[in-house]
Amino acid sequence: MNRPPSTPGIFALVVLALVAGAAACGGLQTLRETVAGYALMHAPATPQRHDAAALEPLSALAAPAAEPEPIAPPSNLVRDSARLQAARDALQAMPGLSGKPLTVFRSINVYGDGRINLELVDPDVPSHVDSYHFQHGYWRKGDPVNPQRMAPTYTLRNSSAPLQDIDFTAVARVAQALQEQRNVLMRQPGEVDYVYLIIRKGARLSWRPDEVDGDRETVRLHFDAGGNLLDVATKR
């Protein structure tokens, strides 16, 4: 049984015929392009290569970043002895104050949200007073203070005390005593978040608040210079 001629065989015969015709008509260039096109169409397929990285799952290439740990809110400053002491040390180490004896004028105010406000006598010019403010863990020098405007209630002579005699951790002891009284006397006691110190005549330190208003009665607390509770009495 005769086998049909293969496609390449037929193509070869066609090419021979075209060669003869092309040679006569000057069409050899066109013939070359035809042969090249046929070879390209019948060339074996080249296996497609894949980059291993391209086959990786998308999740492996861009793994989600771990969520950061939540930052705990800062503690109530008036209840945190360590932060109070650190604030005092930072004040003493400020440029222009480091290594010098410091004197506090009039008062110190401490807030639960992390602020402290006080006034210092200029160690280089004793007649000058400046405000200092602590917030977000740092001290800054504020505006000048005119003590003469506060006389005779407050004067440099009668209303100043050396910083070395003031224990900042006393604030936490005062706050603790106030909180205990609130818890006893109030059905819904709020958290103590403000303590202040008044410097009285003769550099006497008076810690405030020194009263707690309960639901049915008010008590008065008496502290020593170190913020230690000495007694509690019902207010008459």
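Each residue takes its place number in the sequence, starting with 1. Keep in mind that this is a model prediction, so the values were computed, not measured.
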task = Show your working on side chain to side chain donor-acceptor pair (under 3.5 Å) between Tyr132 and Asn117 and close with a plain yes or no.
result = CA-CA 6 Å; Tyr132 286 81; Asn117 296 324; over 6 Å; no

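- A donor-acceptor pair under 3.5 Å is formed between the side chain of Gln179 and the backbone N or O of Val192.
- Partner of Val110 under the side chain to side chain contact (heavy atoms under 4.5 Å, CB included) criterion, out of Val174, Ile116, Leu197: Ile116 alone.
- Atom CD of Gln85 sits about 11.5 Å away from atom CG of Asp80, to the nearest 0.5 Å.
- The backbone N or O of Ile199 sits nowhere less than 3.5 Å from a side-chain atom of Arg204 that would complete a donor-acceptor pair.
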inquiry  = Show, in sequence, the C-alpha distance, side-chain angles and deciding distance for Leu229 and Leu221, and conclude whether the side chain to side chain contact (heavy atoms under 4.5 Å, CB included) test is met.
reply    = CA-CA 7 Å; Leu229 181 64; Leu221 296 79; 3.8 Å; yes

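- Considering every non-hydrogen atom in both Val195 and Trp207, the closest pair reads CG1-CE3, 4.0 Å.
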ask   = Where do Leu120 and Asp130 land on the side chain to side chain contact (heavy atoms under 4.5 Å, CB included) test, with the steps shown first?
value = CA-CA 6 Å; Leu120 291 181; Asp130 297 288; 5.9 Å; no

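- Checked by atom type and distance alone, the side chain of Gln92 pairs as donor or acceptor with a backbone atom of Lys100 at under 3.5 Å.
- Nearest heavy-atom pair across Asp213 and Met186 is O-CE, 2.9 Å.
- Of all heavy-atom pairs spanning Ala172 and Ser81, the tightest one is CB-OG, 3.4 Å.
- Atom CG of residue Asp113 and atom CG of residue Leu77 lie 8.5 Å apart, to the nearest 0.5 angstrom.
- Closest approach of Leu97 and Leu91 over heavy atoms only: CD1-O, 3.7 Å.
- Between Tyr154 and Phe105, the ring-plane angle classifies as perpendicular under the 30° and 60° cut-offs.
- No side-chain donor-acceptor contact under 3.5 Å links Asp193 to the backbone of Asn76.
- Around the CD atom of Gln148, the shell of radius 6.0 Å holds no more than 12 heavy atoms that belong to other residues, nucleotides or ligands.
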task = Dump the intermediate steps for side chain to side chain donor-acceptor pair (under 3.5 Å) on Arg208 and Ser206, then the final yes or no.
result = CA-CA 7 Å; Arg208 304 297 179 91; Ser206 179; 3.2 Å; yes

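- Asp224 contributes a side-chain N or O that, together with a main-chain N or O of Asn228, makes up a donor-acceptor pair within less than 3.5 Å.
- Residues Asp143 and Ser131 have side chains that never bring a donor and an acceptor to within less than 3.5 angstrom of each other.
- To the nearest 0.5 angstrom, Arg106 atom CZ is 10.0 Å from Thr153 atom OG1.
- In this structure, Glu119 CD and Asn109 CG are separated by 9.0 Å, a value rounded to the nearest 0.5 Å.
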ask   = Going through the distances and angles, do Leu163 and Phe168 end up as a side chain to side chain contact (heavy atoms under 4.5 Å, CB included)?
value = CA-CA 9 Å; Leu163 178 63; Phe168 274 38; 3.8 Å; yes

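- Looking at Arg83 and Ser75, their side chains do bring a donor and an acceptor atom within 3.5 Å of each other.
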task = Determine, step by step, whether Thr218 and Val212 satisfy the side chain to side chain contact (heavy atoms under 4.5 Å, CB included) criterion, reporting the C-alpha distance in whole Å, the side-chain angles of both residues, the deciding distance to 0.1 Å, and the verdict.
result = CA-CA 6 Å; Thr218 297; Val212 173; over 6 Å; no

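- Atom CZ of Arg182 is separated from atom CG of Asp215 by 12.0 Å, given to the nearest 0.5 angstrom.
- Salt bridge annotation for Glu217-Lys235: absent, with no cationic side-chain nitrogen under 4.0 angstrom from a carboxylate oxygen.
- In plain terms, the two heavy atoms of Ala203 and Ser160 that are nearest each other are CB-O, 3.5 Å.
- Between the side chain of Ser159 and the backbone N or O of Thr155 there is at least one donor-acceptor pair closer than 3.5 Å.
- Pairing each heavy atom of Gly142 with each of His133, the nearest pair is CA-CD2, 3.9 Å.
- Counting only distance, with no hydrogens or angles, the side chain of Arg140 and the backbone of Phe134 share no donor-acceptor pair below 3.5 Å.
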